[in-house]
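One structure below.
This is a predicted model, so every value here is computed, not measured. Reminder, nothing fancy here: chain letters follow the sequence lines and each chain counts from 1.
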Number of protein chains: 2
Amino acid sequence: MEKTTENIIFKDDSKQLARFAKALGHPTRIAILKHLENQSCCFTGDLVDIFPLAQSTISQHLKELKNAGLIQGEVNPPKIKYCINKENWKIAKELFQGFFE
Amino acid sequence: MEKTTENIIFKDDSKQLARFAKALGHPTRIAILKHLENQSCCFTGDLVDIFPLAQSTISQHLKELKNAGLIQGEVNPPKIKYCINKENWKIAKELFQGFFE
DNA sequence: ATTTCCAATCGTAAATTTACGATTAACGAT
DNA sequence: ATCGTTAATCGTAAATTTACGATTGGAAAT
């Protein structure tokens, strides 16, 4: 077996922590999450009003946060309501806590 | 949202948190930091032995961690000893703690 | 002065990220 | 059936990231 990047075996926790960290690695996404923490939930449009970014860009950031498992969307036609994914949020919190001791 | 000093600070915090998170956003860098937490310090060469990555690649990851302020290097010719930057580590820890509540 | 060792830096290519405007899809209301 | 509203997706360009091998730099030893 070759020593390629794909074959590096990281501990699952490290990979998961890195995945969460990467999702948090942009100020807009931090701000979105902080907003969700305050508001508990919000619509995409709310964020488009707050941030000086195109709607498609906000959508992309939301997609990344969703892919990382940090948020979840509930269809609420014609809007979509985004909330923190509390289950994964807890996991992330614990991983970061454990990492920083 | 009001334009208060708090909001500006809040924004700076978000940027700083995102900067730290971005540095943590790669499994290799997480693993390097975990290793430094255990060993307290180590040389670049130690990491090159541990990870199946080129020396230049490890060096690049170290540079990013250093730029983010999470580690610091002490010249110890002809080696360079890397350690956690405890001051900034504490700041990062507090920022993440505050973020996750 | 030359050699040796370690690690940073350079040059690079491939992949990914970030941003935008334009388009499409889904649904309710008219 | 058509129109509005909302948000995802497409197509894209520019910037950044990640990886590598090759080269360079600095300090100690020969």
Could you tell me the separation between the [atom1] atom of [X] and the [atom2] atom of [N], rounded to a whole number of Å?
X	N	atom1	atom2	result
B:R29	D:dT18	CZ	C1'	9 Å
A:L47	C:dA19	CG	P	14 Å
B:E74	C:dC6	CD	P	19 Å
B:K63	D:dC20	NZ	P	17 Å
A:N67	D:dA8	CG	C1'	13 Å
A:E64	D:dA8	CD	C1'	15 Å
A:L65	C:dT18	CG	C1'	14 Å
B:I58	C:dT9	CD1	P	15 Å

- Query: Just by modelled atom types, is the B:A68 backbone N or O under 3.5 Å from a matching donor or acceptor in the B:K22 side chain?
  - Reply: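 It does not hold such a pair.
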
- Do any N or O atoms from the side chain of B:N38 and from the backbone of B:H35 form a donor-acceptor pair under 3.5 angstrom?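 A pair under 3.5 Å: no.
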
- Query: Where do A:G73 and A:I80 come nearest, in terms of heavy atoms and distance?
  - Reply: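 Answer, listing the atom of A:G73 first, then A:I80: CA-CG2, 4.2 Å.
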
Looking at every strand, decide which applies to [X] at a 4.0 Å heavy-atom threshold: base, sugar-phosphate, or nothing.
X	answer
B:Y82	sugar-phosphate
A:L53	sugar-phosphate
A:K66	nothing
B:K81	nothing
A:T44	sugar-phosphate
B:Q60	base

Phosphate OP1/OP2 of [N] contacted by [X] side-chain N/O (<4.0 Å):
X	N	answer
A:T57	C:dC20	yes
A:H61	C:dT17	no
A:K22	C:dT17	yes

- Message: What's the separation between atom CD in B:E64 and atom CD1 in B:I32, rounded to the nearest 0.5 Å?
- Response: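 Atom-to-atom, B:E64:CD and B:I32:CD1 are 10.0 Å apart.
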
Counting side-chain heavy atoms from C-beta on, which of [options] comes nearest to [X]?
X	options	value
B:A54	D:dA7, D:dA19, D:dG21	D:dG21
A:F43	C:dC20, D:dA7, C:dT18	D:dA7
A:K79	D:dT5, D:dA7, D:dG21	D:dA7
A:H26	D:dA8, C:dA19, C:dT9	C:dA19

- Relative to the 5' end of DNA chain C, which residue comes earlier, A:Q55 or A:V75, by the nucleotide with the nearest heavy atom?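 This one resolves to A:Q55.
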
- Partners of A:F100 by ring pair (Phe, Tyr, Trp, His ring centres under 6.0 Å), sequence neighbours excluded?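 If we apply the ring pair (Phe, Tyr, Trp, His ring centres under 6.0 Å) test to A:F100, skipping adjacent residues, the hits are B:W89, B:F96.
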
- Task: Can you spot which of B:L70, B:N85, B:D46, B:I71 makes a side chain to side chain contact (heavy atoms under 4.5 Å, CB included) with B:L36?
- Result: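 Option passing the side chain to side chain contact (heavy atoms under 4.5 Å, CB included) with B:L36: B:I71.
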
